[in-house]
Amino acid sequence: MDMNFVIIGGDAAGMSAASRAKRLDHNLNVTVFEKSMDVSYSACGMPYNIANPDREIDDLVVRRAEVFKEKQGIDLMTGHRVGQIDRHNRWVSGIKSDGKKFKFPYDKLLIATGALPIIPEIPGADLAGVMALKSLDDGRRIKAYLKEKSARSVVIVGMGYIGMEMCEAFRERDMGVSMISMDFLPGFHETIAGMVRRELESNGVMLHVRHQASQIVKAGEILNILFADHGLNADMVLMAIGVTPNSSMAADAGLALGPKKSIAVNRHLQTSDENIFAAGDCSDAFHVVTGQKTWIPLALRANRAGWAVADNVCGKPTEISPVAGTSVFKVFDLQVARTGLSAAEATQFGFEPAEVVIESRSRAHAHPGGSSIWVYMAGDKKSGRLLGVQMVGKEGVAHRINAPAVALHNRMTVDEFSRTDLAYAPPFGPVWDPMLTAANQLLKAL
Ligand SMILES: Cc1cc2nc3c(=O)[nH]c(=O)nc-3n(C[C@H](O)[C@H](O)[C@H](O)COP(=O)(O)OP(=O)(O)OC[C@H]3O[C@@H](n4cnc5c(N)ncnc54)[C@H](O)[C@@H]3O)c2cc1C
């Protein structure tokens, strides 16, 4: 009998695994259960879509459900929420959107349930108009709400990258934006965070840092967000304080958990049950710098892990590479990027870090139109290893971060990185690339 490969969750990790498995072995029965009606969409594109009232949110769908079914032969069951995994009998069960129950057997199972937005437990968090942005349906709801209410103002709770991207989207729609959070860009060095802070303020965003929303009350059509002894009025509240792994079903099934309650997986993406894999935002990963388990929910890892699971299920043993946490986002005119660890993070893992911050240029000094790039770099005094880099600037930041990311994967020392042959031409940077200037400065501190 042909093998049943069952996948829970039909987005980045789940559909990557399904497509690749079917490509590798056309006789494999691949069944995907997805609780929503959407599969394979770009969540990362939602802030830019929401910024434009004329764009359809469905523009973000990469491949429609029918294509997976008809062209690729994948049994894609949308509107099917899996609620339970029976490891003993090897079946999953759940409930369909019409309320009917279903039960399905598996030989190999992939959990690709992603992450869930964290909603603070404060009075009023369940009011209409208080929303989070995670799924395409969330994006739909937000767009419909903004249109229906002709919303003019929003309070964003949280100051991480999704909060920043959404802040720009709301300003694009000419809305008044206030942000409240205990931390500003957690994980970033104060110089980098300070540049972002000034950019937000110069774009008319009201920031309330080191504050926590304590309650939301409705006064007529207006939401009133209370914190400390202040109150802010807005038409809408966006909860953007972060996400948490969607791992409760795995925990109920007795599977081992890792950092932040993500599903623990080995380098083959197997959970503590060899017939069950986990991939994407619901699962953990090894960190390239520390060698230890970490939880960093990002899109490339989810897609790559989906591929690796398919390889392993189809008899092509594959180990997945560790993560460096390389990420980039845009906020108004700034590009902000990071890879690896900050000194504060590295200290927790037994490193003895030194750090520098330098200001360089995006183009050669005599070349018109350049702007400043600030680079933060951390290295280990004991081993000389490069530990991490952060950067901010108006241009030349987003792709420049990939050079130190590759250096981290190769466990390079700061000295080795400072000797790499990086490209130069006046429109793209100084002769000494900002990466090399930062590395040369850091060498003096190691
Ligand atoms: C607004 C926004 C912007 C982002 N921007 C970036 C970016 O610029 N760069 C980047 O790297 N990452 C970005 N991300 C993160 C990126 O989208 C995620 O890392 C990626 O989608 C993770 O893929 P996944 O398949 O693990 O999980 P998800 O994409 O969350 O998919 C999980 C799927 O599982 C389904 N599911 C969950 N539970 C069940 C169940 N019990 N039964 C059936 N189905 C279930 C869900 O409905 C969902 O479709 C962004 C995320 C958001 C929300």
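We count ligands from 1, going down the list as the structure has it; atoms in each ligand are counted the same way.
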Checking N410 now: which residues fulfil side-chain contact (heavy atoms from CB on, under 4.5 Å) with it, not counting sequence neighbours? V406, M412
Run the contact test for [X] against ligand 1 with a 4.0 Å cut-off on heavy atoms, strictly below, and give the result.
| X | result |
| --- | --- |
| Y161 | yes |
| S135 | no |
| M15 | no |

Check each heavy atom of [X] against ligand 1 and say whether those closer than 4.0 Å belong to the side chain, the backbone, both or neither.
| X | answer |
| --- | --- |
| C282 | neither |
| M166 | neither |
| D38 | neither |
| T113 | both |

Flag the pair M179 / V155 as yes when at least one side-chain heavy-atom distance between them is below 4.5 Å, and no otherwise. no
Out of M46, E165, K35, R301, indicate the one that has the non-hydrogen atom closest to atom 43 (C) of ligand 1. K35
Anything under 3.5 Å between a donor and an acceptor, one on a side chain of residues 331-339, the other on a protein residue two or more places apart or in another chain? List them.
| residue | atom | partner | partner atom | Å |
| --- | --- | --- | --- | --- |
| Q335 | OE1 | V397 | N | 3.0 |
| Q335 | OE1 | A398 | N | 3.0 |
| R338 | NH1 | G187 | O | 3.3 |
| R338 | NH2 | G340 | O | 3.0 |
| R338 | NH2 | E345 | OE1 | 2.8 |
| T339 | OG1 | T326 | OG1 | 2.8 |

Using the six-membered ring of W295, assess whether NZ or CZ of K260 lies under 6.0 Å from its centre and within 45 degrees of the ring axis. no
Ring centroid separation for Y376 and F188, is it under 6.0 angstrom? no
